[in-house]
Protein chains: 2
Amino acid sequence: MSLKHAVLGFLSIAPMSGYDLRKHMEESVAHFWPADQAQIYRTLGHLAADGLVTVTTIPQEGKPDRREHAITEAGLAELDDWLASPVEYVPSREVFLVRLFFVGRLGVDRVRDVLRERADEARELAAVLEQTRDASEQAVAAAGITLDLEMRLRLATLANGLAHARAELDWTQDLLAELTD
Amino acid sequence: MSLKHAVLGFLSIAPMSGYDLRKHMEESVAHFWPADQAQIYRTLGHLAADGLVTVTTIPQEGKPDRREHAITEAGLAELDDWLASPVEYVPSREVFLVRLFFVGRLGVDRVRDVLRERADEARELAAVLEQTRDASEQAVAAAGITLDLEMRLRLATLANGLAHARAELDWTQDLLAELTD
DNA sequence: GTCACCTATATGACAAGTCCTCTATTCGGC
DNA sequence: GCCGAATAGAGGACTTGTCATATAGGTGAC
């Protein structure tokens, strides 16, 4: 599991409430690691139980209390161990390919429709990623910040998504062309 | 869930035992939909309970009984409904990107190592997919079979994996190059 | 004025997937 | 003769992730 490590990673940057975490994840890692709110809170519970984070309740006026989670030494050690562990390939499930594998049953017209729908989605995804990437880059430029390693890697995850979206788009296009023969 | 539909898909080709299913899936869809043996049997159980497949026990000599599962009309209807339903984008989780997002902590050397390990895996995956694709194509050519729509689509799923493996490889390469600045 | 949304957390029920173990027999290799 | 692989199935325990719902005050829109 990796939500655990994603959470530790965020807490290594700054202490946060579950709510903060959710928002940060939403706007940074959601495109390759979507996180459910319930799951985040549960994970924080486990981390606290394991002594990888500590919890401080901060009362607020008008708003519900914040339960701020800070990473411990043990938590940092766990995070670094994971980061230092060997990279292993995890095959990602692609429902779309399951569909494609069998959709021939419904005839070539449906196949073409399915591929066009897929192409639309790939295009849209690419557009969204491009936009967020450009926005991030402009924000960095406007602030006059030097791009440090961390920032570069975070931008690289966007580039990764973009590369795959484009690969998917090209592939659908090629297949569509092949099917017109 | 899609294992259900993958199973229905296979049973739409021919009746099968759970064992057969496992083997067929292993050598055809495993690269985009890895299926656990226990999961397959459980899914078959659900499908039978829902009347989407029927089960016939076939005694065998020397070997355990086969429990052959055949798709019903209702099962075919369910499969076709799913195939005809709108395609929707399912974001796939990429543990590697979570790692990359935070590995900057450990310094640029570890980052480079991580990327090289990833590149190796992408290369290996590409090689495997290329090999199976070529083998399938040669088998088809040797048998002198005309490539029907179904066959083409099945080869296309291999091409898809290949396209993404190459995209991943290119991306790691680009990023490595960028990090030497 | 009320309706929806934001802040903030939590839980229960469920679905899906992974891992491990177990049962039984046959066949081939060394 | 033993070991392991192939054939065939099943179940328990556990982890992950999803969905829905609840509480509860504050803010802005129309």
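These numbers come from a predicted model, not from an experiment. Letters A, B, ... are given to chains in the order of the sequence lines, protein chains preceding strands, and every chain is numbered from 1.
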Participant: Is any N or O donor-acceptor pair between the side chain of A/Gln37 and the base of C/dT9 shorter than 3.5 Å?
Facilitator: yes

Participant: A/Leu3 has an atom CG; how far is it from atom P of D/dG17, in whole Å?
Facilitator: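 In whole Å, D/dG17 P lies 6 Å from A/Leu3 CG.
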
Participant: Quick one: is B/Lys23 getting a side-chain N or O under 4.0 Å of the D/dA8 phosphate, OP1 or OP2?
Facilitator: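 No, because none of the side-chain N or O atoms of B/Lys23 sits under 4.0 Å from OP1 or OP2 of D/dA8.
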
Participant: Please work out which of the three classes, parallel, tilted or perpendicular, describes the rings of A/Trp82 and A/His5, given edges at 30° and 60°.
Facilitator: parallel

Participant: Using modelled atom types and a 3.5 Å cut-off, is there a donor and acceptor pairing between side-chain atoms of A/Arg112 and backbone atoms of A/Leu179?
Facilitator: yes

Participant: Roughly, in whole Å, what's the span from CZ in B/Arg42 to C1' in D/dA10?
Facilitator: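 About 10 Å, once rounded to whole Å.
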
Participant: Does atom CD of B/Glu124 have more than 12 heavy-atom neighbours, drawn from other residues, nucleotides or ligands, at distances under 6.0 Å?
Facilitator: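 Not more than 12 within 6.0 Å, no.
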
Participant: Angle between ring planes, B/Phe10 versus A/Phe102, binned at 30° and 60°: parallel, tilted or perpendicular?
Facilitator: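 Rings of B/Phe10 and A/Phe102: perpendicular, over 60°.
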
Participant: Is any side-chain nitrogen or oxygen of B/Lys4 closer than 4.0 Å to OP1 or OP2 of C/dA16?
Facilitator: no

Participant: Using heavy atoms to find the nearest nucleotide of DNA chain D for A/Ala38 and B/His69 separately, return the residue whose nucleotide is more 5′.
Facilitator: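 Residue closer to the 5' terminus by nearest nucleotide: B/His69.
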
Participant: B/Tyr41 side chain N/O closer than 4.0 Å to the phosphate oxygens (OP1, OP2) of D/dG9?
Facilitator: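 For B/Tyr41, the contact criterion (side-chain N or O under 4.0 Å from OP1 or OP2 of D/dG9) is met.
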
Participant: Just N and O in the side chain of A/Arg22: are any of them under 4.0 Å from OP1 or OP2 of C/dT9?
Facilitator: no

Participant: Whether A/Tyr19 contacts C/dT9 is assessed here as follows: a side-chain N or O lying under 4.0 Å from the phosphate OP1 or OP2. Is that the case?
Facilitator: no

Participant: Roughly how many Å is it from CG in A/Leu44 to P in C/dT9, rounded to a whole number?
Facilitator: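 Taking CG of A/Leu44 and P of C/dT9, I get 9 Å after rounding.
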
Participant: Measure CD/A/Gln39 against P/C/dG17 and give the value in whole Å, please.
Facilitator: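 About 15 Å, once rounded to whole Å.
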
Participant: Expressed as a whole number of angstroms, how long is the span from B/Ile40:CD1 to D/dG11:P?
Facilitator: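 After rounding, the gap between these two atoms is 16 Å.
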
Participant: Could you tell me the separation between the CG atom of A/Asp36 and the C1' atom of C/dT11, rounded to a whole number of Å?
Facilitator: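 Result: 12 Å.
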
Participant: Does a nitrogen or oxygen in the side chain of A/Ser17 sit under 4.0 Å from OP1 or OP2 of C/dT9?
Facilitator: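 Affirmative; the distance criterion is met.
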
Participant: Examine D/dT18: is either OP1 or OP2 under 4.0 Å from a nitrogen or oxygen in the side chain of B/Arg93? Give yes or no.
Facilitator: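 Yes.
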
Participant: Shortest non-hydrogen contact from A/Met25 to A/Ala6?
Facilitator: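 So the minimum-distance heavy-atom pair works out to CE-CB, 4.0 Å.
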
Participant: Without decimals, in angstroms, what is the distance between A/Asp50 CG and D/dT15 C1'?
Facilitator: 14 Å

Participant: Taking CG from A/Asp20 and P from C/dC6, how many angstroms apart are they, rounded to a whole number?
Facilitator: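 After rounding, the gap between these two atoms is 16 Å.
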
